[in-house]
Chemist: 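Quick one: the structure is below, and I'll ask about it shortly.
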Amino acid sequence: MPNTAKALPRFIPTLTEVVQFQAPSASHAPAPHRPGGGGPASPEVPDEVRQRLDAALRPQLRSLVDEIVAAQLAEMRPRLVTEIDRLLQQKLSELVAAGLANPGAGEKPAISGFG
């Protein structure tokens, strides 16, 4: 069988190449940012357009925030009720224990920690 293997070339090119860095020109510079940090600067939005957008979006935003807050409160309610019940039971137990330890005090026990 004849030898079909080719002789490897003396120089094998690689996938790396030295590239000279060139600073970007002014036409390729990134867009300037607004002083307030609101992203790239764009042409100023006229006040009239801004006011119309504000009037249209504000009620939607308010409604969305109301829904989110209501959902969070509904989720928190059982935990809050449980915690308030626990604290009231604890305080009641303390008051009963204080009354049993001092049965002839004749004075109304002061409730501390409330108000």
Chemist: Side-chain donor-acceptor pairs under 3.5 Å in residues 62-77, sequence neighbours left out?
Modeler:
none

Chemist: Among L87, V81, T82, which residue satisfies the side chain to side chain contact (heavy atoms under 4.5 Å, CB included) criterion with D85?
Modeler: V81
Chemist: Among R52, Q51, R58, whose side chain to side chain contact (heavy atoms under 4.5 Å, CB included) with D54 holds?
Modeler: R58
Chemist: Do the side chains of E83 and R79 get nearer than 4.5 Å, heavy atoms only?
Modeler: no
Chemist: I need the L57 CG to R50 CZ distance, nearest 0.5 Å.
Modeler: 13.0 Å
